[in-house]
Amino acid sequence: MSANHDQQMYYDFDLLSKLVVGIGEVADITGVPTRKIRYWEDKGIVRSVQEADGSTRRYDYLNIKKIVLVQELLEDGYTLDAAARKVEDRMKNINDIFQKIADKQNTPQP
DNA sequence: GTTCTCACA
DNA sequence: TGTGAGAA
């Protein structure tokens, strides 16, 4: 990983933005049971997207990431609400930072 | 395989 | 904070 950071990153974003998987696969990969994922969704901690035809839950990479992060915080002794708040704050901060970077690139200084 | 609800710890 | 069971 040296000469083509840009191209490598492009493929990563392209893959991640298209990554939408069903609840069963999320459960298998993350180790969080489907039952628990639905429970979190009922509490408003994660959100699933649904296809027009099917009624099954599907999760994009941001929500999968959320599931993993919340799970880690729970293992560290956080309550569910505290873990959810912390994850939400961290993801918002990251989003804000990249937003600033994007803004800076769109308005070059003279 | 998925969904929901009710009950239980 | 989660799980089990039953039914669709």
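Because only heavy atoms are used, hydrogens play no part in the values below, and waters and symmetry mates are left out as well, while side chains stay in. Within every chain, numbering begins at 1; the chains are lettered A, B, ... in the order of the sequence lines, protein sequences first and strands thereafter.
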**OP:** Select one nucleotide: of B:dT2, C:dT1, C:dT3, the one nearest the side-chain heavy atoms of A:I23.
**Re:** B:dT2

Distance in angstrom units between [X] [atom1] and [N] [atom2], rounded:
{"X": "A:R58", "N": "B:dG1", "atom1": "CZ", "atom2": "C1'", "result": "13 Å"}
{"X": "A:R35", "N": "C:dG4", "atom1": "CZ", "atom2": "C1'", "result": "8 Å"}
{"X": "A:I37", "N": "B:dT2", "atom1": "CD1", "atom2": "C1'", "result": "13 Å"}
{"X": "A:I67", "N": "C:dT1", "atom1": "CD1", "atom2": "P", "result": "17 Å"}

Original post:
Is there a donor in the side chain of A:Q99 and an acceptor in the side chain of A:D103, or the other way round, less than 3.5 Å apart?
Top reply: yes

**OP:** Run through A:K36, A:R57, A:R47 and flag the one making a salt bridge (Lys or Arg N to Asp or Glu O under 4.0 Å) with A:E41.
**Re:**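 Result for salt bridge (Lys or Arg N to Asp or Glu O under 4.0 Å) with A:E41: A:R57.
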
**OP:** Say whether A:Y59 and A:I29 are linked into one hydrophobic cluster, either directly or through other cluster members, by side-chain heavy-atom distances under 4.5 angstrom.
**Re:**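 No, A:Y59 and A:I29 fall in different hydrophobic clusters.
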
Original post:
Does A:S48 offer a backbone N or O that forms a donor-acceptor pair with the side chain of A:N63 under 3.5 Å?
Top reply: no

Original post:
Does the side chain of A:R57 get closer than 4.0 angstrom to OP1 or OP2 of B:dC4 through an N or O atom?
Top reply: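 Checking B:dC4 against A:R57, a side-chain N or O does come within under 4.0 Å of OP1 or OP2.
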
Original post:
Is any side-chain N of the basic residue among A:D89 and A:R85 closer than 4.0 Å to the acidic one's carboxylate O?
Top reply: no

**OP:** Could you list by number each residue of residues 38-47 of chain A showing a heavy-atom separation from DNA chain C of less than 4.0 Å, or answer none if no residue does?
**Re:**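 Output list: A:Y39, A:W40.
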
Original post:
Quick one: are A:L62 and A:M91 in side-chain contact, heavy atoms under 4.5 Å?
Top reply: yes

